[in-house]
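Quick caveat: nothing in here was measured; it's all calculated off a predicted structure. Throughout, residue positions are numbered sequentially from 1 according to the sequence presented.
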Amino acid sequence: MKGYTVPLSPRGIANLAPPPPWHCAGTASSVEFFTDPKAAAATLPYGRAPDPRSAGRGVAMFIHRPYSATGRECLDPGCSRYREFFDNLDAHFHGTPVAWCPYIDVDNDAAMARGWVQGFRLTVTAVTPVLHGSRPQQSRTATPPGNGR
């Protein structure tokens, strides 16, 4: 069986994500936020530490991306376009400031497979930024604390 990602097939062309290089573009909106530093620290893996100067700072990103890997994306454009939401939290790794990404949501299984290859923990969900003035919001079933719902 051949292929870069699952599902493998005899000719190696059934994979969810083709092999790199992946050429991405996109439109992004970002929102800086601050959360409880203890909550942010609870998401950090072993070896990472909270950034003592950030007070729980993070950046949420909403991105609509087309990507190309095979040059044949025009045959199935739905496979090569997706939306994603992710957040980055300020952290330290061996004393060096880093951005830790605890959550990524995508709305396309090919994007999810590429994220697995890159080591991200992705989930497939509906990612729809809703614009109210200039404030994008993600449509999710979870209600943020203090939202009043």
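When hydrophobic side chains of Ile, Leu, Val, Met, Phe, Trp and Tyr are connected at separations under 4.5 Å, Tyr46 ends up as a singleton with no cluster partners. The hydrophobic side chain of Ile13 is isolated, with no ILVMFWY side chain under 4.5 Å apart from it. Other members of the cluster containing Phe34 do not exist, because no ILVMFWY side chain is joined to it at under 4.5 Å.
The minimum heavy-atom distance linking Ala110 with Ala17 is given by the pair O-CB, 3.9 Å. Between Gly3 and Asn15 the shortest heavy-atom distance is CA-OD1, 3.0 Å. Heavy atoms only, all atoms of each residue included: Ala28 and Ile63 are closest at CB-CG1, 3.8 Å. Of all the heavy atoms in Leu16 and Asp109, the pair that sits closest is CD2-OD2, 3.6 Å.
In this structure Pro21 satisfies the side-chain contact (heavy atoms from CB on, under 4.5 Å) test together with His23, sequence neighbours excluded. For Arg81, the salt bridge (charged side-chain N to carboxylate O under 4.0 Å, His left out) criterion is met by no residue, not counting sequence neighbours. In this view, Ser9 satisfies the side chain to side chain donor-acceptor pair (under 3.5 Å) rule with no residue, not counting sequence neighbours. For Asp107, the salt bridge (charged side-chain N to carboxylate O under 4.0 Å, His left out) criterion is met by Arg83, not counting sequence neighbours. Residues passing the side-chain contact (heavy atoms from CB on, under 4.5 Å) test with Asp36 are Lys38, Ala39, sequence neighbours excluded. By the side chain to side chain donor-acceptor pair (under 3.5 Å) test, Tyr82 is found to be paired with Arg114, residues two or more places apart in sequence or in another chain being considered.
The aromatic rings of Tyr4 and Trp22 sit perpendicular to each other, their planes meeting at more than 60°, with 30° as the lower class boundary.
Atom CG of residue Asn88 and atom OG of residue Ser30 lie 10.5 Å apart, to the nearest 0.5 angstrom. Interatomic distance, CZ of Arg65 versus SG of Cys24, reported as 5.5 Å (0.5 Å rounding).
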Check your understanding: What's the verdict on side-chain contact (heavy atoms from CB on, under 4.5 Å) for Val106 and Phe85, showing C-alpha distance, side-chain angles and the deciding distance?
Key -> CA-CA 7 Å; Val106 294; Phe85 165 81; over 6 Å; no
Exercise for review: For the pair Thr125 and Asp105, evaluate side-chain hydrogen bond (donor to acceptor under 3.5 Å, both in side chains) and give the outcome as yes or no after the intermediate values.
Suggested key: CA-CA 6 Å; Thr125 186; Asp105 294 325; 5.6 Å; no
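Side chains of Met1 and Pro10 form a contact here, defined as non-hydrogen atoms less than 4.5 Å apart. Contact check for Phe86 versus Leu122: no side-chain heavy atoms found under the 4.5 Å cut-off.
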N/O donor to acceptor pairs below 3.5 angstrom from side-chain atoms of residues 91-102, sequence neighbours left out:
| residue | atom | partner | partner atom | Å |
| --- | --- | --- | --- | --- |
| Trp100 | NE1 | Thr43 | O | 3.0 |
| Trp100 | NE1 | Thr43 | OG1 | 3.4 |

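Residue Phe120 is not grouped with residue Leu44 when hydrophobic side chains (ILVMFWY) are merged at heavy-atom distances under 4.5 angstrom, including chains of intermediate members. Leu89 and Ile104 end up in different hydrophobic clusters when Ile, Leu, Val, Met, Phe, Trp and Tyr side chains are linked at under 4.5 Å.
Residue pairs meeting the salt bridge (charged side-chain N to carboxylate O under 4.0 Å, His left out) criterion with at least one member in residues 8-32, sequence neighbours excluded: Glu32-Arg57.
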